[in-house]
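We name chains A, B, ... by the order of the sequence lines, and we start the count at 1 in each one. Predicted model only: the values in this text are computed from it and were never measured.
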Number of protein chains: 2
Amino acid sequence: MDVQEIRQKLEDSGLRCTTQRYAVMSFLMDHHEHPTAAEIYEAVNRVDPRSSRATTYNNLNDLVEAGLVRQVASEGRAARYDARGEQHHHFICDRCGNVEDLDWYELPQPALASLGRRVVRDTELIVRGLCTQCAPRRRSQAQNS
Amino acid sequence: MDVQEIRQKLEDSGLRCTTQRYAVMSFLMDHHEHPTAAEIYEAVNRVDPRSSRATTYNNLNDLVEAGLVRQVASEGRAARYDARGEQHHHFICDRCGNVEDLDWYELPQPALASLGRRVVRDTELIVRGLCTQCAPRRRSQAQNS
DNA sequence: CTCTCACCTTAGACATAATCTAATCTTCGA
DNA sequence: TCGAAGATTAGATTATGTCTAAGGTGAGAG
């Protein structure tokens, strides 16, 4: 991903392109495994230790607010982040907690009547179950010990 | 909700019907505002202070695993729980974090080919944006102070 | 060029959420 | 009634995220 392109994206969103903010954005664009904030913090500083924990969180929040990054729902545990490239859905494994991408397809939107005055920013499909690693080899027996 | 019915549900799932577990399940079936674990803990003990924090968490996890309760994705913040009555979708407010129900409607399932060996348990739609309270009265100006 | 102010970053304390530990208690079936 | 598996407990511990107060930085005004 081009340096200029990232800088442009940031500035178009009214965010200064600081070393630390650039590093977070760049990392997210290169890594599609839905890293947690802690993973991003660690990765960014492994290369060049110049970003504090608070800054990493601040920048992630800024990027989410600007719409450049989205938070992936992964209940209970640490929030995971995703530089929104092409659209996709998510699969969350009940057992190991991994979040995987699923191919995108159009979703019917909620009826306007049921939304009322709410303003929709984003719609995400979450499929839950057992991932390839955790799925049983044989039929049935899904929920045994 | 009938005592026998809850007891039955628990035992059908291989869980003993203990005082504490019953209290959690019963509370969730009576309250549909997606309480957090902390709220459940507090509510259960307000009636009859006989459940420790750890037990509340243990029981919630047991119930989720048994499929009697589901966790509602609300990233970053405390997990919220929902005794799965009728199906519905969820709306999460960006600003205040509230989780509201949206009317249920069928969702197209992911293509089998894209799932591979994964086992699907549940599919949920998450809509994000601003709730009725937080939505601006007038157009634009969404992010001002 | 340099001043300035809004924006950013920082370390560490703090707050909140959830799990772990090790001991004890309960319950169910034999 | 007994024993073992399953549950519960208080409190420590870990994980995650936010806040605070102080200082740094850079883009535009002059």
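- Atom P of nucleotide C/dC28 and atom CZ of B/Arg16 are separated by 6 Å, given to the nearest angstrom.
- Residue B/Asn61 places at least one side-chain N or O closer than 4.0 Å to OP1 or OP2 of C/dT19.
- Using a 4.0 Å cut-off between charged nitrogen and carboxylate oxygen, B/Glu11 and B/Arg7 count as a salt-bridge pair.
- The CD atom of A/Glu42 sits 15 Å away from the C1' atom of D/dA15 (whole-angstrom rounding).
- B/Thr36 comes within 4.0 angstrom of no nucleic acid atom, judged by non-hydrogen atoms across all strands.
- Look at B/Gln20 and you'll find a side-chain N or O under 4.0 angstrom from OP1 or OP2 of D/dT9.
- Position along DNA chain D of the nearest nucleotide to A/Ala54 versus A/Ala38 favours A/Ala38 as the more 5'-ward residue.
- Proximity of B/Tyr57 to the phosphate of C/dA18: a side-chain N or O atom is located under 4.0 Å from OP1 or OP2.
- Side-chain N or O atoms of B/Arg21 include one that pairs as donor or acceptor with a backbone N or O of B/Arg16 at under 3.5 Å.
- Ion pairing between a basic and an acidic side chain is recognised when a charged N comes within 4.0 Å of a carboxylate O; A/Glu33 and A/Arg80 show no such pairing.
- Checking the phosphate oxygens (OP1, OP2) of D/dT8, a side-chain nitrogen or oxygen of B/Asn59 falls inside 4.0 Å.
- Between the side chains of B/Asp12 and B/Gln8, a donor-acceptor pair is found at a separation under 3.5 Å.
- The separation between A/Glu65 atom CD and C/dC8 atom C1' is 15 Å, rounded to whole Å.
- In this structure, B/Thr18 reaches the D/dT8 phosphate: one of its side-chain N or O atoms is under 4.0 Å from OP1 or OP2.
- The distance between atom OH of B/Tyr41 and atom P of C/dA18, rounded to the nearest whole Å, is 14 Å.
- Contact annotation: A/Arg53 does not reach the phosphate of C/dA11 (side-chain N/O to OP1 or OP2, under 4.0 Å).
- Distances shown here put a side-chain N or O of A/Ser52 below 4.0 Å from the OP1 or OP2 atom of C/dT10.
- Electrostatic pairing of B/Glu5 and B/Lys9 does not count as a salt bridge here, judged by no charged N lying under 4.0 Å from a carboxylate O.
- Regarding B/Arg50, its CZ atom lies at a distance of 13 Å from the C1' atom of C/dT26, rounded to whole Å.
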